[in-house]
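One structure is given below, encoded as structure tokens.
Letters A, B, ... are given to chains in the order of the sequence lines, protein chains preceding strands, and every chain is numbered from 1. Values in this document were obtained by computation on a predicted structure and should not be read as measured data.
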Amino acid sequence: MGVALRDIIAEYRTPVPWEALTGIAAVDAHNALYQFLSIIRQPDGTPLMDQRGRVTSHLSGILFRTTSFIEKGIRPVYVFDGTPPPFKQATIEQRRQVREQARARWEEALIRGEISEAYKQARSASKVDDEVISTAKTLIGLLGLPVVKAPSEGEAQAAAMVSRGDARYVVSQDYDTLLFGAPLLVRNLTVSGKRKLHGRTISVSPERIVLSEALKGLDLSREDLIRIAVLIGTDFNTGVRGIGAKTALKIIRKGEFEATVEEKLPGLDREAVIDFFLDPPVTWEYSLSWGEPNPDGVMRMLCDGYDFAPDRVGKALEGMNVRKGQKTLDSWF
DNA sequence: CGATTTCA
DNA sequence: TGAAATCGG
């Protein structure tokens, strides 16, 4: 779900204009899908669904964001998760329980007629399941974009692809990719530039975090940053209750990481977690090739399959380079 | 969230 | 016309 590094990383975020973001972007697919699933909902928490009751929030999100990226000169490659490491199991189980509780609370809130509470719980009940992943991959393929399947964590794979120079930056809301060594992370890469916060609409713009700048500014090595994350808690270990990013930073500065772990996190295999961040399983067996979008295939999938309105899908596709295959698109109107 | 419509 | 409201599936 992401490491709570925000309190020490925040000052190294800098606004970045869209024009500076052209080129290949390694998108943390799980992060994007979760975002879509959790946010694209009705006020009572009901997600977008087709007539058969299948969730379509993520398909809407991918379609419109991807076509918009292409128009802006951004070439996204969606990086998906592979098999999680065994020591992530506790986190996975805990999240499952949180989701189940949220689902129950969602239903209860609906019965009481508490709409905003229902929405909040529905968000927490979101799950990026196999169906979401496979339908997302199908749509991404029809849009002509490459997909990379990580051997393990998608965030690690995306970071490695940027390190190697196959992509310019990672797109994610989470800071975990920095721990995996992503040289450049871009957050808030949302098209509308608006977000609802406490019922108010605030404007958000893309921001970048350059890992080397953050490490230099904090006077930390990447391993130190990982140690801070371990104290706070990561996807692979629970942190110390009462220790946030600021406190963890002080502990690292005083050289008390080992002692703190011994005392507060007994039984934690800290080396295993640190090693995983420093040298995670990644693959170089991928090919980044952008094909032509298949407008007819997209229309068939979304309109025939999931009850999307042809005019809206067609309009989104027109923004892409559908010069070829224009005839097939016209035939839908 | 992103697109579209409504409203001041 | 631009920001706010709401629609989409």
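- Residues A/D235 and A/R95 are in side-chain contact: their nearest non-hydrogen atoms beyond the backbone lie under 4.5 Å apart.
- Across all strands shown, A/P43 has no heavy atoms under 4.0 Å from either base or sugar-phosphate atoms.
- Under a 4.5 Å side-chain heavy-atom cut-off, the cluster of Ile, Leu, Val, Met, Phe, Trp and Tyr residues that includes A/I111 has no other member.
- Contact annotation: A/S192 side-chain N/O to B/dG2 OP1/OP2 distance is under 4.0 Å.
- Whole-Å rounding puts the A/I40 CD1 to B/dC1 P distance at 8 Å.
- Note on A/R65: every side-chain N or O is 4.0 Å or more away from OP1 and OP2 of B/dC1.
- Atom-to-atom, CG of A/N188 to P of B/dG2 comes out at 11 Å; the value is rounded to the nearest Å.
- Side-chain proximity of A/F64 to B/dC1, B/dA3, B/dT4: nearest is B/dA3.
- The distance from the OH atom of A/Y12 to the CG atom of A/L218 is 4.0 Å, given to the nearest 0.5 Å.
- Using cut-offs of 30° and 60° on the angle between ring planes, the pair A/F277 and A/F180 is tilted.
- Using a 4.0 Å cut-off on heavy atoms, the residues of residues 302-312 of chain A that approach DNA chain B are A/R312, listed by number.
- A/I115 and A/W106 fall into different hydrophobic clusters, where Ile, Leu, Val, Met, Phe, Trp and Tyr are joined by side-chain heavy atoms under 4.5 Å apart, directly or via other members.
- When the P atom of C/dG9 is taken as reference, atom CZ of A/F36 falls 16 Å away, rounded to whole Å.
- Counting any heavy atom pair closer than 4.0 Å across all strands shown, A/Q35 reaches no nucleic acid atom.
- Whole-Å rounding puts the A/H58 NE2 to C/dG8 P distance at 19 Å.
- Using a 4.0 Å heavy-atom criterion, one finds that A/T190 contacts the sugar-phosphate atoms exclusively.
- Using modelled atom types, one finds no donor on one side chain facing an acceptor on the other under 3.5 Å when comparing A/S172 with A/D174.
- Taking the six-membered ring where tryptophan is involved, the planes of A/F80 and A/Y78 are tilted, since the angle between them lies from 30° to 60°.
- Here the C1' atom of nucleotide C/dC7 and the CE atom of A/M49 are 15 Å apart, to the nearest Å.
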